[in-house]
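Here is the naming used below: chain letters follow the sequence lines, and residue numbers restart at 1 for every chain.
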Amino acid sequence: MGSGTGNDFNSQVLTTETWASRATLAHARALLGKVLVRTRAGRESARVITEVEAYIGGSDLACHASRGRTRRTEVMYGPPGHWYVYLVYGMHEMLNLVTGPEGWPSAILIRGVAGASGPGRVTRSLVVGRALNGKPAVRASGLHIEDRGIRVPERLVTRTPRIGINYAGPVWASKPWRFMVDSAALGGAAANS
DNA sequence: GGGAGGATGGAT
DNA sequence: TCCATCCTCCCA
């Protein structure tokens, strides 16, 4: 696959996968500073997203979809803008937002929000579970994302390899597909916006 | 039907 | 460094 080698801009022919990969990474970056809004029993809790990771397509060996289309990964093959929630290590719910295009499995894991660092803590603090799996990210589902005007300047964004995926091998484990913004610095940025 | 291993987090 | 805890997927 053309996008597997790294520098897409040197490619003469840009494949559908290349475009989709770029779109997912741009989307991941754009999620920093957006607000995750949980509505439950008439109450709303909102948290600014501070850390995400991208899992991009069937060729990404760290992506669950790399092992084929199964019952669990089915939602990743569906239309974008839906939640992919699964249980890991028998105790932690992982919250992902499916990105597009349909039929091309990719998702963004929400690893941190203001006040909760770590994907397991994100879901625990917002009471998010597998009941949301496959649901669209709209208010009626009880969980959606809002842009409340928080600006995240590039200098506050850190990119690193993804966490806990060494089993995927060095090529995929080294992709800088984790995006973070310092929570405290973000507070200042939000105040200035 | 059985078994291995996992996109973590907290304790030791 | 260890391990709780259970779902998913592969293999037989």
Looking at every strand, decide which applies to A:Leu109 at a 4.0 Å heavy-atom threshold: base, sugar-phosphate, or nothing. base

First locate atom CD of A:Glu17, then atom CG of A:Asp60, and finally report the distance between them rounded to the nearest 0.5 Å. 9.5 Å

base_contact_polar (B:dA7 base, A:Tyr86 side chain, donor-acceptor, <3.5 Å): yes

Could you give the CD1-to-P distance, from A:Ile165 to B:dG6, as a whole number of Å? 12 Å

Please step through side-chain hydrogen bond (donor to acceptor under 3.5 Å, both in side chains) for the pair A:Thr18 and A:Thr15, ending with a clear verdict. CA-CA 5 Å; A:Thr18 299; A:Thr15 63; 2.9 Å; yes

Between A:Glu154 and A:Arg29, is there a side-chain N and carboxylate O pair less than 4.0 Å apart? yes

Looking for any heavy atom pair under 4.0 Å, which part of the strands does A:Arg130 touch: base, sugar-phosphate only, or nothing? sugar-phosphate

Among B:dG6, C:dT5, B:dG9, which nucleotide has an atom closest to any side-chain atom of A:Met91? C:dT5

Rounded to the Å, how far apart are A:Arg69 CZ and C:dT8 P? 17 Å

Rounded to whole Å, the OH-P distance (A:Tyr89 to B:dT8) equals 4 Å

In whole angstrom, what separates A:Glu51's CD from B:dG9's P? 9 Å

Using a cut-off of less than 4.0 Å, is there contact between a side-chain N or O of A:Arg72 and OP1 or OP2 of C:dC6? no

Worked check of side-chain hydrogen bond (donor to acceptor under 3.5 Å, both in side chains) between A:Ser45 and A:Arg38: CA-CA 5 Å; A:Ser45 38; A:Arg38 178 77 164 117; over 6 Å; no

Does A:His64 get its side chain close enough to the base of B:dA7, under 3.5 Å, for a donor-acceptor pair? yes

Checking base pairs now: Watson-Crick or wobble, both atom distances under 3.5 Å. What partners B:dG3? C:dC9

Considering just the side-chain nitrogens and oxygens of A:Tyr84, establish if one lies under 4.0 Å of OP1 or OP2 belonging to B:dA7. no

Roughly, in whole Å, what's the span from NE2 in A:His92 to P in B:dA7? 12 Å

Which part of the nucleic acid, if any, lies within reach of A:Met94 when heavy atoms closer than 4.0 Å are counted: base, sugar-phosphate only, or nothing? sugar-phosphate

Please determine, for the side chain of A:Tyr167, which listed nucleotide (B:dT8, C:dC7, B:dG6) has the closest atom? B:dG6

Stacking between B:dA7 and A:Tyr55, yes or no? Criterion: centroid separation under 5.5 angstrom, plane angle under 30 degrees. yes

Does the side chain of A:Arg121 get closer than 4.0 angstrom to OP1 or OP2 of B:dG10 through an N or O atom? yes

Candidate nucleotides B:dT8, B:dA7, C:dC9, ranked by approach to the side chain of A:Thr70 - the nearest: C:dC9

For A:Ile56 and A:Trp104, what are the C-alpha separation, side-chain angles and deciding distance, and is it a side-chain contact (heavy atoms from CB on, under 4.5 Å)? CA-CA 9 Å; A:Ile56 307 182; A:Trp104 195 79; 3.0 Å; yes

Taken to the nearest whole Å, CD1/A:Ile163 to P/B:dA7 is 13 Å

Strictly by Watson-Crick or wobble contacts shorter than 3.5 Å, is anything paired with C:dA4, and which nucleotide is it? B:dT8

A:Arg67 atom CZ is separated from B:dG5 atom C1', nearest whole Å, by 10 Å

Apply side-chain hydrogen bond (donor to acceptor under 3.5 Å, both in side chains) to the pair A:Ser21 and A:Thr24, showing each step before the final yes or no. CA-CA 5 Å; A:Ser21 175; A:Thr24 294; over 6 Å; no

Just the rounded figure in Å: distance from P of C:dC6 to CD of A:Glu93. 11 Å

Measure from the side-chain heavy atoms of A:Met76 and tell me the nearest of B:dG9, B:dA7, C:dC9. B:dA7

